[in-house]
2 protein chains.
Amino acid sequence: MQKEHNLSKNQKIIFDLIDKSGGPMKAYSILFNVQKKGIKAPLQVYRALDKLVEIGKIHKIESRNAFIACQNSSCQISKATAFSICESCENVSEISNSKLSKYLSNFSDNSGMKYSKYNLEFFGLCKKCKLK
Amino acid sequence: MQKEHNLSKNQKIIFDLIDKSGGPMKAYSILFNVQKKGIKAPLQVYRALDKLVEIGKIHKIESRNAFIACQNSSCQISKATAFSICESCENVSEISNSKLSKYLSNFSDNSGMKYSKYNLEFFGLCKKCKLK
DNA sequence: CTTATAAATGTTATATTATTACATAACGTT
DNA sequence: AACGTTATGTAATAATATAACATTTATAAG
Ligand SMILES: [Zn+2]
Ligand SMILES: [Zn+2]
Ligand SMILES: [Zn+2]
Ligand SMILES: [Zn+2]
């Protein structure tokens, strides 16, 4: 069962926007879109984003400096994330594959380091863009 | 056999600096360090970095906006990269594990998308930092 | 209800990371 | 030499992110 996180006002505004957009959004594009709702400064956006990432409602696409709503209801914490990214249209989707996540969560190398978190980004051309 | 890339003057200065540092370096820290060698503007650094990434001599650590020399002689192109990152001391090392790279290079999900590239970042505490 | 504490907000300024635009120079090939 | 490609130099600016400080709101304990 998911822990219920009661989002604050700004967090809710920003989460709803990202969620409805259906794709990755950049911080300043978010800012532009929420100015009519009274969120006027970058820091207000970044604070909400930080919290939303922390509780796993959104994830950061590091290679794009963008944020996307979690598409995987089981991801309460952003500690094991994988994405597929189209290098042509920039479409992003979250990969939900239990074999992959099991493989990566259990991965260990000879460094003796135990990993508590990972982020994986795959790149290629999506179906649509391959046809063009 | 590795293709020999004849680095240009700026590319060589910047690669040597990153390589000698032994760890990840940020663009503006690189800039600061090469000013005595006549590289005075951010763009000169970014252009060299772009080229070095393209030919696989360095990789970008996306979550840190930093660049590290390739520690894996076989990586001519940055198309399959994996790193372990200590969240305490920020030490980074490139993971060279043939099983992992084989697994990820062959990975495909039900999206029908064929991936040509990936980047994986693992996070945790390195041995030293675990003891503290 | 009151007090204490933590979490969130508002605001201004600033730091950090990266690119655009344009002009010039060096290199590699024929 | 002439050509196309790659690299360089320089100035300006865009895009991304954080510091510092004051205030308010939510949560929980007594
Ligand atoms: Zn998720
Ligand atoms: Zn596409
Ligand atoms: Zn490498
Ligand atoms: Zn460490």
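Just so it is clear, the values below take in all heavy atoms, side chains as well, and ignore hydrogens, waters and symmetry mates. Chain identifiers are assigned alphabetically (A, B, ...) following the order of the sequence lines, protein sequences preceding nucleic acid strands; residue numbering begins at 1 within each chain.
Rounding to whole angstrom units, CE of residue A:Met25 and P of D:dA15 are separated by 15 Å. Look at CD1 on A:Ile39: it is 18 Å from C1' on C:dT12, rounded to the nearest Å. In this structure, A:Lys51 places its NZ atom 10 Å from C1' of C:dA6, rounding to the nearest Å. Rounded to an integer number of Å, the gap from B:Leu49 CG to C:dA18 C1' is 11 Å. Taking atom CG on A:Asn6 and atom P on D:dT25, their separation rounds to 18 Å, with Å as the unit. In this entry the distance linking CG of B:Leu43 with P of D:dT8 reads 11 Å, nearest Å. B:Glu62 has its CD atom 12 Å from the P atom of D:dA17, to the nearest Å. If you measure from atom CZ of A:Arg64 to atom P of D:dT16, you get 13 Å, rounded to the nearest angstrom.
The phosphate of C:dT9 (OP1 or OP2) has a side-chain N or O of A:Ser8 nearer than 4.0 angstrom. In this model, the phosphate group of C:dT11 is approached by a side-chain N or O of A:Lys40 to a distance below 4.0 Å at OP1 or OP2. Taking side-chain N and O atoms only, A:Asn10 has a distance below 4.0 Å to OP1 or OP2 of C:dG10. Side-chain N/O atoms of B:Lys37 include none lying less than 4.0 angstrom from OP1 or OP2 on D:dT8. Note on A:Asn65: a side-chain N or O is less than 4.0 Å away from OP1 or OP2 of D:dA17. Contact check, B:Gln44 against D:dT8: no side-chain N or O comes under 4.0 Å of OP1 or OP2.
With distances taken from any side-chain atom of B:Lys9 to the nucleotides D:dA7, D:dG9, C:dT20, the minimum falls on D:dG9. The side chain of A:Tyr28 lies closest to D:dA17, out of D:dA17, C:dA18, C:dA8. Candidate nucleotides C:dT19, D:dA15, D:dA7 were compared by shortest atom distance to the side chain of A:Lys26, and D:dA15 ranks first.
Taking each heavy atom of A:Lys130 and B:Lys114 in turn, the nearest pair found is NZ-N, 3.8 Å. Closest of all the heavy-atom pairs between A:Ala69 and A:Ile18 is N-CG2, 3.5 Å.
Between the side chains of A:Asp109 and A:Ser111, a donor-acceptor pair is found at a separation under 3.5 Å.
Classified by interplanar angle (parallel below 30°, tilted 30° to 60°, perpendicular above 60°), the ring pair A:Tyr118/B:Phe122 is perpendicular.
Toward the 5′ end of DNA chain C lies the nearest nucleotide of A:Gly38, the other residue of the pair B:Tyr46 and A:Gly38 mapping further downstream.
Using a 4.0 Å heavy-atom criterion, one finds that A:Lys60 contacts the sugar-phosphate atoms exclusively.
A:Arg64 has no carboxylate O lying under 4.0 Å from a charged side-chain N of A:Glu121, or vice versa, which leaves the two without a salt bridge.
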